[in-house]
Structures are given as structure tokens and as C-alpha cells.
Amino acid sequence: MANEKFDQPVTVVAELTGGGHETIGDAAACLDFLLRRWRGKRSEKHRAAVQACADTNSGRRPASFARKAFIVAAREAAILVTS
């Protein structure tokens, strides 16, 4: 499994009520966040981000692909802090 680092980490709100932030630096951490700690709606953009991270982790896509998909999903869920 490839675990390419993102060129720049992405910071998101990790807990909607507590306001804690989490910085995601690679596709493996991104996939873990999407599957285990995602508090937003599991929309089509969320599913696309999950698939993009899985594709990146298997070496089929570059880390930039997963990063972009994650940003889109996080923006839709209103949890994006920095990109």
C-alpha cells in the first residue's frame, strides 16, 4: 500500500460540538477520518473522497487526487479549516 504524503496537509474540524481541529497529511489518515470520524452527511462527495483515498492507498492515483476530493467533501460538510 502506498502512503504518499499530501503536498500540504488539510485541517478540518474534527468534532462538530467541541470545535477541535485535526490535520490530515496523507491518504491513509484521510481515509481513516472519512470512515471513522466523519460527522457530516455521507453524501456523494464524501463517497467520492473515500474512493479517491482508497485508490491512492492502492497506488492507482496520486496523493493530490485524494487531497482534492477530501477538500471538496470537507467544504460541503462545512468542516474545512485550511486547504
Side-chain angles (χ1 to χ4, degrees):
M1 169 167 59
N3 190 19
E4 258 185 274
K5 299 262 184 222
F6 292 162
D7 58 347
Q8 290 184 314
V10 179
T11 303
V12 293
V13 176
E15 299 175 19
L16 293 180
T17 56
H21 294 169
E22 184 167 341
T23 300
I24 308 293
D26 58 57
C30 185
L31 185 58
D32 182 67
F33 183 86
L34 286 163
L35 294 176
R36 298 174 191 259
R37 294 184 307 284
W38 188 261
R39 300 290 183 246
K41 179 181 171 189
R42 303 234 172 185
S43 68
E44 186 60 37
K45 291 177 183 174
H46 174 268
R47 284 187 289 279
V50 168
Q51 185 63 55
C53 289
D55 288 348
T56 296
N57 285 337
S58 67
R60 288 179 288 201
R61 296 284 192 158
S64 60
F65 185 76
R67 184 180 183 279
K68 287 177 189 174
F70 182 60
I71 288 170
V72 168
R75 187 172 287 133
E76 177 187 58
I79 63 167
L80 183 65
V81 176
T82 63
S83 56

* What about Phe65 and Leu80, same hydrophobic cluster or not, with Ile/Leu/Val/Met/Phe/Trp/Tyr joined at side-chain heavy-atom distances under 4.5 Å? -> no

Heavy atoms only: give me the nearest [X]-[Y] pair and the separation to one decimal.
X: Ala27; Y: Asn57; result: CB-OD1, 3.4 Å
X: Ala14; Y: Arg39; result: O-CG, 4.2 Å
X: Arg60; Y: Ala54; result: NH2-O, 4.2 Å
X: Thr56; Y: Pro62; result: OG1-O, 3.1 Å
X: Ala63; Y: Phe6; result: O-CE2, 3.5 Å

* **Spatial distance of atom NZ (Lys5) from atom CD1 (Ile24) [nearest 0.5 Å]** =>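 One finds 11.5 Å between NZ of Lys5 and CD1 of Ile24.
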
* Interatomic distance, Leu35 atom CG to Arg42 atom CZ [nearest 0.5 angstrom] ->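 It is 6.5 Å, given to the nearest 0.5 Å.
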
* Are any of the side-chain heavy atoms of Arg67 and Gln8 separated by less than 4.5 Å? -> yes

* Asked: In a check of side-chain contact (heavy atoms from CB on, under 4.5 Å) between His21 and each of Val13, Thr82, Val12, Ile79, which one passes?
  ->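 Testing His21 for a side-chain contact (heavy atoms from CB on, under 4.5 Å) against Val13, Thr82, Val12, Ile79 leaves exactly one candidate, Val13.
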
* To do: Applying side-chain contact (heavy atoms from CB on, under 4.5 Å), name anything that partners Arg37, two or more places apart in sequence or on another chain.
  => Glu22, Asp32, Phe33

* Under the side-chain contact (heavy atoms from CB on, under 4.5 Å) rule, what do Val10 and Thr23 come out as? Steps first, then yes or no, please. => CA-CA 6 Å; Val10 179; Thr23 300; over 6 Å; no

* To do: Please confirm whether the backbone N or O of Cys53 pairs with a side-chain atom of Arg61, one donor and one acceptor, at under 3.5 Å?
  =>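 Checking the backbone N and O of Cys53 against the side chain of Arg61, no donor-acceptor pair under 3.5 Å is found.
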
* Structure fact -> For residues 36-55, the ring pair (Phe, Tyr, Trp, His ring centres under 6.0 Å) pairs (sequence neighbours left out) are Trp38-His46

